[in-house]
Every structure is written in structure tokens, then in C-alpha cells.
Amino acid sequence: MAKTLAYKILENHLLKGSLIPGTEITIKMDQTLTQDSTGTMVYLQLEAMNVDRIKTELSVAYIDHNMLQSGFESADDHAFIQSVAKRHGVLYSKPGNGICHQLHLENYGIPGKTLLGSDSHTPTGGGLGMIAIGAGGLDVAMAMAAGTYSLTVPKVLKVDLKGKLRPWVSAKDVILYVLQQLTVKGGVGKIIEYAGEGVQSLSVTDRATITNMGAELGATTSLFPSDENTRDYLAQQGREQDYIPLAADPDAVYDEVLVVDLDQLEPMAAKPHSPDNVDSVKNIGPIKVDQVAIGSCTNSSYGDLMKVAQILKGKKVHPDVSLVISPGSSRILAKLAENGAMADLILAGARIIENACGPCIGMGQSPKSGAVSLRTFNRNFKGRSGTLDAQVYLVSPETAALSALTGVLSEGLDSGLTLEPIPEVTFTPNDNFIVYPEGTNKENTPVEMGPNIKPFPRNNPLGALLAAEVTLVAGNNITTDDIMPSDSNLLPYRSNVPYLANFCFSKIDKDFAGRCQKAGASAIIGGENYGQGSSREHAALAPLQLGVKFVLAKSFARIHRSNLINSGILPLIFENPEDYDALQLGHILEIEDIQDQLEKDIILLNNRTTGREIRAKGNYSQLEKEMLLAGGRINLISK
Ligand code: MIC
Ligand code: SF4
């Protein structure tokens with residue numbers, strides 16, 4: 001039978017189960033990546049699993065998020081990660097090397113391989129034809145320990161690309177258009193596979209921009225075929241030997257198809273405060289811009305920054321605009337310095353900041369009050385920039401650079417300006433930022449543990465009766481940034497969950513943590529797509545620390561649902577979404593005989609305050625039930 005590319009790669013890695021959508025499979029995981037803001041939990045968990053050497057072909061620990069080092073905390077975290085990496089055979093990428101996804105693409109991604117990363121944008125690797133999946137830290141620790149990963153088989157949605165993009169329209173506009181069509185929950189339970197003649201005109205880094213932001217669709221992952229452009233990209237990085245051609249069978253049948261006509265696409269922007277709130281730049285109009293930020297794992301490639309340099313060369317950034325640029329990697333930064341483009345950026349008036357996540361995760365560069373900030377990033381959730389009333393728009397590098405000059409949101413199509421294609425380059429291979437774990441092991445390398453690193457919270461096995469007070473009724477599309485905010489004040493505490501928990505939901509409800517502490521046992525009520533966004537386990541661990549027993553929602557985002565189960569917190573789905581309307585703060589919900597009910601299709605909750613019964617679905621796999629009964633995955637493993 002003709003196969004999609006996604007299923008071909010999954011089949012090559014299949015260890016258990018079969019490729020039937022909705023069922024559970026276990027696959028071989030070839031590679032893993034971690035970054036520092038989720039990594040401390042990953043490596044605490046890996047240590048708790050008591051393994052010696054990792055079982056993957058390659059695992060890399062990157063440091064890119066927590067770079068401010070305004071106190072000892074982050075530097076301690078880096079040292080901790082470096083020490084555990086050495087103990088178990090993990091490569092360590094020092095701070096200064098760049099953003100994990102950009103670096104993995106450049107140095108280690110291989111067509112046809114599988115990659116699991118403790119960061120939701122791991123699907124960036126799909127630009128090289130990998131099955132690259134974002135997951136919670138514990139899942140990544142398990143993948144390192146066992147070399148495997150279990151997941152629910154997704155459906156495959158084909159995005160059929162026709163034609164070719166015009167200059168001034170780029171990969172970011174493609175994914176923004178797809179987000180407009182499918183919304184932030186349109187990819188849930190799906191792999192997005194790109195195909196069609198339009199693929200040929202997209203470079204690997206263009207493709208990576210598109211697969212990166214597949215995370216915003218809620219998709220399990222996104223991927224492109226591996227073709228001559230893939231070979232060229234690998235050759236530029238000095239790794240042509242890693243190339244293999246890969247594509248779907250020509251007559252492969254897909255579960256859904258979306259056709260995108262690249263010729264017709266215009267520059268797009270995601271308006272505040274959601275990546276799917278998309279319109280064309282033309283329709284939005286020339287709004288005044290205060291800040292422009294170019295970079296992040298979505299748009300910080302060499303090609304992107306060369307286009308920006310071309311637009312800015314010999315010009316002057318508008319007096320009212322602050323332009324900040326963060327390159328994706330040390331290799332890109334070095335190349336821009338060598339070929340003079342860095343001088344073009346600086347002389348135009350750009351602030352060059354560290355090649356790291358930086359402003360994308362609120363680590364500095366928060367815009368002024370009420371500012372309009374154009375960002376080439378992937379998320380514009382309210383408050384994520386660090387300024388609660390900022391209006392963040394997501395745009396392409398071309399739109400960002402041009403707007404930085406004009407001072408208003410501008411697009412290049414009608415500007416009369418030309419934009420030349422970027423000539424190909426070869427990069428100087430350089431691994432001076434990599435620490436190899438050769439000769440180090442558990443015996444000769446102690447764990448380096450700073451005082452801010454606290455043990456992660458553990459849950460208790462499920463008792464017969466689960467009773468909890470409703471301490472939050474949340475709306476639709478609650479993000480993990482809402483649940484466990486991240487900014488320069490909080491990110492240094494990612495390895496200190498007891499402290500971090502005090503700030504759980506603090507940006508939308510300051511009293512939440514206090515209410516939970518009073519209630520003892522809590523329940524959260526959510527709308528659709530609860531927990532979208534980041535892979536941070538802290539969005540489950542902080543609620544666990546505060547005594548949250550279950551979350552009852554209309555639907556869940558994939559990674560957050562797994563993180564809840566890993567922590568022993570029950571994600572429950574309303575059978576009748578209208579039941580949501582009758583729930584209020586302070587209601588007491590009870591689940592009797594929970595052990596037996598877990599085996600049933602419907603779990604009954606009793607609202608003791610109103611006397612009403614609520615029917616909910618768990619849809620748990622066998623393993624998930626065992627984890628919930630044990631009070632989380634680590635408890636189950638220790639059993
Ligand atoms: C993000 O973009 O939200 C992050 C920060 O990279 C997260 C990881 C984290 O919260 O540490 C992600 O996308 O998974
Ligand atoms: Fe870093 Fe932003 Fe990418 Fe997350 S989305 S990995 S914070 S650059």
C-alpha cells in the first residue's frame with residue numbers, strides 16, 4: 001500500500017503496536033535534545049531512574065533559554081546539566097552556541113531519524129525530513145534511558161504546496177496562513193506532512209520555519225521530504241554524508257488535505273494575542289511600531305538574517321523603533337561577522353543581542369507599556385514578552401526589517417524595493433562549544449547541585465475517593481504560559497518547583513496559589529485546548545505542588561495532557577461540554593471508586609455543592625492508567 005512519509009519513518013522505527021490512528025505505539029527514539037529551562041527536571045529525573053549510559057544514538061543538552069545569569073541560579077543549573085550530561089554520555093552544548101533547534105538542524109539532524117526533545121518546537125527537525133516530536137521532560141528522560149517512546153498514532157494531514165513564493169513573501173507567511181486556516185487546535189492528533197511542487201522552492205531553513213510553528217497548530221509534528229535542497233543544506237554544514245532522499249509514495253492517501261497556493265500568498269501577521277489570529281499585513285494596515293525583534297528558533301537562520309541585512313544595508317532604523325536581532329547560532333553569527341553583514345545590521349542601528357532565545361521567552365527586551373512589538377517569533381500570548389499590555393504581532397523577517405525602517409507595519413510587495421536571492425555559503429565546521437562525554441561516567445563524575453535545585457514534587461498513589469474543590473474556572477485555549485508563566489524573574493527558578501508554584505496562574509489570577517493552599521485538594525476547570533504551547537512540565541508540577549488532583553476540561557493539548565498524567569494528575573474531558581457552564585469556584589467535586597472507574601469509558605463526578613452528576617471521559621491507555629494509579633510515572637518506575 002502507498003504510504004505517507006510520516007508513516008514510512010514511523011514504520012521503520014516501530015517496536016510495538018500498529019499504525020492505526022488513535023492507538024498506542026512504541027517507537028525507537030534515535031536522538032533526544034534538551035534545553036536548560038526544561039532540562040534540569042529532565043536530568044533530575046534521569047538521575048532518579050538510576051541508569052548508567054543512555055540508550056539513544058545521540059543525545060544533546062543545549063543551554064539557550066536561561067542566559068541572563070543575574071544571580072547564581074542559572075549558572076548553577078548549567079553546571080548541574082553539564083555534570084549529569086557527562087555522567088550519562090550526553091553531549092553538552094555550552095551557553096553561547098545558540099538556540100537548540102537551530103543547532104540541532106545544523107549539526108545533528110538526519111533525514112529519516114526520530115528525535116524527541118523537551119521543547120515544544122522540536123519539530124523544527126521536520127525541515128530535514130525527521131520525525132521530531134516535542135514532549136515533557138520525563139518522557140525525554142525515559143527516551144534517553146530506554147531508547148524508546150510511546151505515542152498515540154496521529155492522522156496525517158497533507159499540505160499540498162502549489163507554485164512558488166514571490167520575493168517579500170516567505171516561509172513564515174506560509175505557516176501563518178496555515179494557522180489562519182487550521183487554528184491553534186487544528187493540528188491536534190495529526191502529523192502535518194508538506195508535499196507538492198512548491199516544496200522544491202523552499203530551503204531546509206524555510207522548511208524548518210514552517211515545521212517549527214507546526215507546534216502552534218497543536219500538531220504531533222510536521223515534516224518535509226528530503227531532497228536535493230536537503231543535500232545542499234547538509235553539504236553547507238559539512239555533513240553531506242548524512243543525506244538520504246525521502247518522500248511519500250506518489251499515490252499515498254492522506255486523512256486530510258489542505259492546498260496552499262504559494263503564488264497567491266501575501267505577507268501575513270498574527271495579531272495579538274494568538275498565533276492563529278492571522279490577517280494579511282495589508283488588511284491590518286500601517287499601524288505605528290515601537291519595537292521590532294528578529295530571531296528565535298523560528299526565524300534566525302543565515303538566510304533570514306542575510307535578507308534582513310540586505311533590507312537594512314545603508315539605511316537607518318526609524319527613530320521611534322527599537323530593533324533587536326538575535327542570531328540562531330554561533331556559526332551563523334560568525335558567518336555574518338566574516339562576510340560583513342553584521343556591520344550592515346549594526347550601522348543601520350540594530351541592537352545585536354546574544355544568540356539565544358532571549359526576548360522570545362521574556363528574557364530581556366520587554367517592550368515599553370502598551371507598545372506594538374513586531375516579532376519574527378512563534379508565540380504572541382498575552383504577557384509573554386514581559387509587558388502585560390504590549391501588542392505583539394508575529395511576522396516574517398522581511399516584514400520585520402522593512403517595518404523597522406518605516407516605523408509602521410509595512411510589507412514589501414508594493415514597496416518597489418527589490419530583494420535579491422541569498423547566495424549559498426559553506427560554513428566552517430566548529431565544535432568548540434561542544435563538550436563531549438568521552439572518558440566520563442557515573443563513577444568519576446559527581447553531580448554538581450547548586451542550592452536552588454530542589455527535588456521535584458512526587459504525587460501519592462490514587463486512593464478510593466478523590467474529592468477536590470474547584471479553585472479555577474478557566475476559559476478556552478489556556479496556554480502553559482498562563483499556567484506557569486516564564487519571564488526573567490521566574491525562569492531562574494525552573495529547578496525550584498516549590499518556589500515557582502507560588503506564581504502558578506499568577507498572570508491571570510493572583511489568588512490561585514493561595515486558594516489552592518487553603519483548599520488542600522483542588523480541581524481546575526478548563527475550556528477547549530487546555531495547556532496549549534510549551535512542553536514545560538512545570539505547568540503540571542506546580543499544580544501538583546499546590547495539591548491539584550484533576551483538570552476537567554473540554555479538550556487538552558497533547559504535551560500538557562501527557563505531563564499531567566506523568567505527574568499523576570487526571571486530565572478529564574467533559575462528555576457534555578455544557579456541564580462546564582454550571583461549575584463555579586468553591587464547588588466540591590468527588591469521584592468515587594476511582595480505581596474501578598478508570599477502567600470504564602465514562603468516569604462519573606459528583607458535584608457535592610449542587611448535587612449534579614458530571615460525566616467525563618479519560619481515554620487513557622493501559623500505561624496511562626497504571627501511571628495514574630501509581631501517582632505518576634516516576635512512582636510507577638520505582639515500583
Ligand atoms: C517556549 O517557547 O515556550 C519554551 C520556553 O521554549 C518552552 C519550553 C519551556 O517552557 O521551557 C517550549 O516551547 O516547550
Ligand atoms: Fe527558545 Fe522561543 Fe524557540 Fe522556545 S520558541 S525554544 S523560547 S526561541
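Position 1 is the first residue of the sequence; numbering continues from there. Excluded from the calculations below are hydrogen atoms, water molecules and symmetry mates; all remaining heavy atoms, backbone and side chain alike, are included. Each ligand, and each atom within it, is numbered from 1 in the order the structure gives.
Heavy-atom proximity to Ser535, at under 4.0 Å, picks out these atoms of ligand 1: 12 (C), 14 (O). Atom numbering of ligand 1 starts at 1 in the shown order; those under 4.0 Å from a heavy atom of Arg494 are 9 (C), 10 (O), 11 (O). Listed by number with element, the atoms of ligand 2 under 4.0 angstrom from any heavy atom of His65 are 1 (Fe), 4 (Fe), 6 (S), 7 (S). Atoms of ligand 1 found under 4.0 Å from any heavy atom of Ile361 (numbered from 1 in listed order, with element): 5 (C). In summary, the atoms of ligand 1 found under 4.0 Å from a heavy atom of His65, numbered by their order in the structure, are 4 (C), 5 (C), 6 (O). Close approach of ligand 1 to Ser534 (heavy-atom distance below 4.0 Å) involves ligand atoms 3 (O), 7 (C), 8 (C), 9 (C), 10 (O), 12 (C), 13 (O), 14 (O). Close approach of ligand 1 to Arg536 (heavy-atom distance below 4.0 Å) involves ligand atoms 3 (O), 5 (C), 9 (C), 10 (O). If you number the atoms of ligand 1 from 1 as listed, the ones under 4.0 Å from a heavy atom of Thr38 come out as 8 (C), 9 (C), 11 (O).
Nearest protein neighbour of atom 11 (O) of ligand 1, counting heavy atoms only, is Ser37 OG, 2.4 Å.
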Going through the checks in order, is the ring pair (Phe, Tyr, Trp, His ring centres under 6.0 Å) test met by Tyr62 and Tyr92? CA-CA 6 Å; Tyr62 296 97; Tyr92 176 74; 9.5 Å; no
CA sep, side-chain torsions, deciding dist, call: Ser59, Thr32, side-chain hydrogen bond (donor to acceptor under 3.5 Å, both in side chains): CA-CA 5 Å; Ser59 289; Thr32 66; 2.6 Å; yes
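Only the side chain of Asn378 comes within 4.0 Å of ligand 2, counting heavy atoms alone; its backbone N, CA, C and O stay farther away.
Residue Asp119 has at least one nitrogen or oxygen atom sitting less than 3.5 Å from a nitrogen or oxygen atom of ligand 1, judged on distance alone.
Between the side chains of Gln31 and His104, at least one donor N or O sits under 3.5 Å from an acceptor N or O. Gln69 and Ser74 form no side-chain donor-acceptor contact under 3.5 Å, judged by distance and modelled atom types alone. Inspection of the Gln102 and Ser329 side chains reveals no N or O donor paired with an N or O acceptor under 3.5 Å.
With hydrogens and angles ignored, the 3.5 Å screen pairs a side-chain donor or acceptor of Arg375 with a backbone N or O of Pro359.
Using a 4.0 Å heavy-atom cutoff, His538 is absent from the residues neighbouring ligand 1. At least one heavy atom of Arg384 sits less than 4.0 Å from an atom of ligand 1.
Cys297 lies apart from atom 1 (Fe) of ligand 2 in this respect, since none of its N, O or S atoms is found at a distance under 2.8 Å.
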